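Whatever order the structure lists them in is the order used to number ligands and atoms, beginning at 1. Quantities reported herein were computed from a predicted structural model and do not represent experimental measurements.
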Amino acid sequence: MGFDYDKEVILKEVMTIVSQREIAPSIFEMILTGDLVQQMKAGQFLHIRVPDPSKLLRRPISISEIDKEKGQVTIVYRVERAGTAILSQLKAGDKLDVMGPQGNGFDLSVVENGQTALLIGGGIGVPPLVETAKQLYEKGVEVISVIGFANKDAVILEEKLRQYGDVYVTTDDGSYGIEGYVSTVIDTFDWTADAIYSCGAPGMLKYVDQRFENHPHAFLSMEERMACGMGACYACVIHLKNETDAANKRVCEDGPIFPTGTIVL
Ligand SMILES: Cc1cc2nc3c(=O)[nH]c(=O)nc-3n(C[C@H](O)[C@H](O)[C@H](O)COP(=O)(O)OP(=O)(O)OC[C@H]3O[C@@H](n4cnc5c(N)ncnc54)[C@H](O)[C@@H]3O)c2cc1C
Ligand code: FES
């Protein structure tokens, strides 16, 4: 077996913040610039060092949009606790130590011009779907997005996704769009997309996994607590279906994207 040198190269760069703004309560959009952008793919993530010596572990954040011409990448993240709170205070011109792009990314080669893709997102899982929608749209794929949120305040990126196709928005409490979960909309569809790309909370992914278990091109983007973020420490393992405990996959390196019907959720 040949040695895959490419897999061994860990990319890292001190990137510069171009801008940062709050796009919804506690949800920030940060644009970064650097050479790493040229390597980035939809569905991959950045492993970001929090500029605080007490925060040793990097924070994994998905790539939301890539602009290779301008050399810029956009991330969208929610302030959870101390690390993301520190990130949210940073300003244009500040530097960030970024490792990545990490992970496998979404396989967009399974659909072509004239085919249809269904994008399913929930909450802070919606960001990686924006670049996915853009690239599919540019290929001539019809993109339909169904995105769900807790309530009106939490709705993000609807307009960005509308640039590339139809968007259905659901809220749990009905304060915006259709009341219910993404399943409320998807269960009414009398057609099946040629490819399905999803990212969101565990409950949502479980629904997508079951509903599209046997679909040949349906993908889930998984989240796990991470440490090294590059496949070495096995902090982020998930289990494969119908296998023994020994058959683990690392979300950071083998994922974060996995086909439906293959992993234990
Ligand atoms: C592949 C991947 C992509 C992600 N993409 C996004 C995104 O686009 N936008 C977004 O808002 N969030 C995203 N997350 C979740 C994000 O990493 C956490 O919200 C963030 O690390 C929390 O940091 P904190 O310092 O505020 O919280 P703390 O709880 O103080 O963090 C402590 C430690 O736990 C880890 N941790 C905490 N929550 C999570 C979590 N949900 N997943 C993994 N590690 C966690 C932190 O990285 C850190 O190492 C993603 C997670 C993964 C694994
Ligand atoms: S975080 Fe270390 S192997 Fe995935």
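- Put simply, Phe212 and Ile263 are part of the same group of oily side chains (I, L, V, M, F, W, Y) that touch within less than 4.5 Å, one to the next.
- Looking only at heavy atoms of the protein, atom 40 (C) of ligand 1 is closest to Glu223 OE1, 3.7 Å.
- With sequence neighbours left out, the ring pair (Phe, Tyr, Trp, His ring centres under 6.0 Å) criterion links Phe149 to no other residue.
- Polar contact with ligand 1: present for Gly83 (N/O pair, distance under 3.5 Å).
- Given atom 10 (C) of ligand 1, the protein heavy atom at minimum distance is Ile124 CG1, 3.4 Å.
- Ordered by chain and residue number, the residues placing a heavy atom less than 4.0 Å from ligand 2 are Met226, Ala227, Cys228, Gly229, Gly231, Ala232, Cys233, Tyr234, Cys236, Cys252.
- The single protein non-hydrogen atom nearest to atom 12 (N) of ligand 1 is Ile61 CD1, 3.9 Å, given as residue, atom name and distance.
- The ring pair (Phe, Tyr, Trp, His ring centres under 6.0 Å) contacts involving residues 176-200 comprise Phe106-Tyr197, Tyr168-Phe189, Phe189-Trp191, Tyr197-Phe219, where partners must be two or more places apart or lie in separate chains.
- When the options Arg81, Lys55, Arg225 are ranked by their closest heavy atom to atom 29 (O) of ligand 1, first place goes to Arg81.
- Around atom CD of Glu138, more than 12 heavy atoms belonging to other residues, nucleotides or ligands sit under 6.0 Å away.
- For atom 26 (O) of ligand 1, the nearest protein heavy atom (residue, atom name, distance) is Thr84 OG1, 2.4 Å.
- Both Leu118 and Ile178 are part of a single hydrophobic cluster, where members link through side-chain heavy atoms under 4.5 Å apart.
- Hydrophobic clustering keeps Leu240 apart from Val237 (ILVMFWY residues linked when any side-chain heavy atoms are closer than 4.5 Å, directly or through intermediates).
- No more than 12 heavy-atom neighbours from other residues, nucleotides or ligands sit within 6.0 angstrom of NZ on Lys70.
- No hydrogens or angles considered: nothing links the side chains of Glu159 and Gln163 as a donor-acceptor pair under 3.5 Å.
- Of the protein's heavy atoms, Ser62 OG, 3.3 Å lies nearest to atom 3 (C) of ligand 1.
- Checking only distances, Pro60 does come within under 3.5 Å of ligand 1, N or O to N or O.
- Remark: of the listed residues Leu46, Val14, Leu32, Leu32 is the sole one forming a side chain to side chain contact (heavy atoms under 4.5 Å, CB included) with Leu96.
- Checked against a 3.5 angstrom limit, the closest N/O atoms of Pro128 and ligand 1 fall outside it.
- The one candidate from Asp254, Thr262, Val251 that meets the side chain to side chain contact (heavy atoms under 4.5 Å, CB included) condition with Ile238 is Val251.
- Within the 4.0 Å heavy-atom criterion, the part of Val76 lying near ligand 1 is the backbone and not the side chain.
- Close contacts between ligand 1 and Phe45 involve ligand atoms 1 (C) [criterion: under 4.0 Å to a heavy atom].
- Atoms of ligand 1 found under 4.0 Å from any heavy atom of Leu57 (numbered from 1 in listed order, with element): 49 (O).
- Of the listed residues (Arg59, Arg78, Glu80, Gln102), the one carrying the non-hydrogen atom nearest atom 25 (O) of ligand 1 is Arg59.
- Sorted by first and then second residue, the side-chain hydrogen bond (donor to acceptor under 3.5 Å, both in side chains) pairs with a member in residues 16-27 read Thr16-Lys95, Gln20-Tyr77, Arg21-Glu29; sequence neighbours excluded.
- There is no protein heavy atom less than 4.0 angstrom from atom 18 (C) of ligand 1.
- Side-chain N/O atoms of His239 and Asn248 include a donor and acceptor closer than 3.5 Å.
- Using a 4.0 Å cutoff on heavy atoms, Arg58 counts as a contact of ligand 1.
- Remark: ligand 1 and Tyr77 share no N or O pair separated by less than 3.5 Å (distance only, no angle test).
- By the rule that hydrophobic residues join a cluster once side-chain heavy atoms approach within less than 4.5 Å of another member, Ile144 and Val126 end up as members of separate clusters.
- The closest protein non-hydrogen atom to atom 43 (C) of ligand 1 is Glu224 O, 3.1 Å.
- Under the 4.5 Å side-chain heavy-atom criterion for grouping Ile, Leu, Val, Met, Phe, Trp and Tyr, Ile75 is not connected to Ile156 through any hydrophobic cluster.
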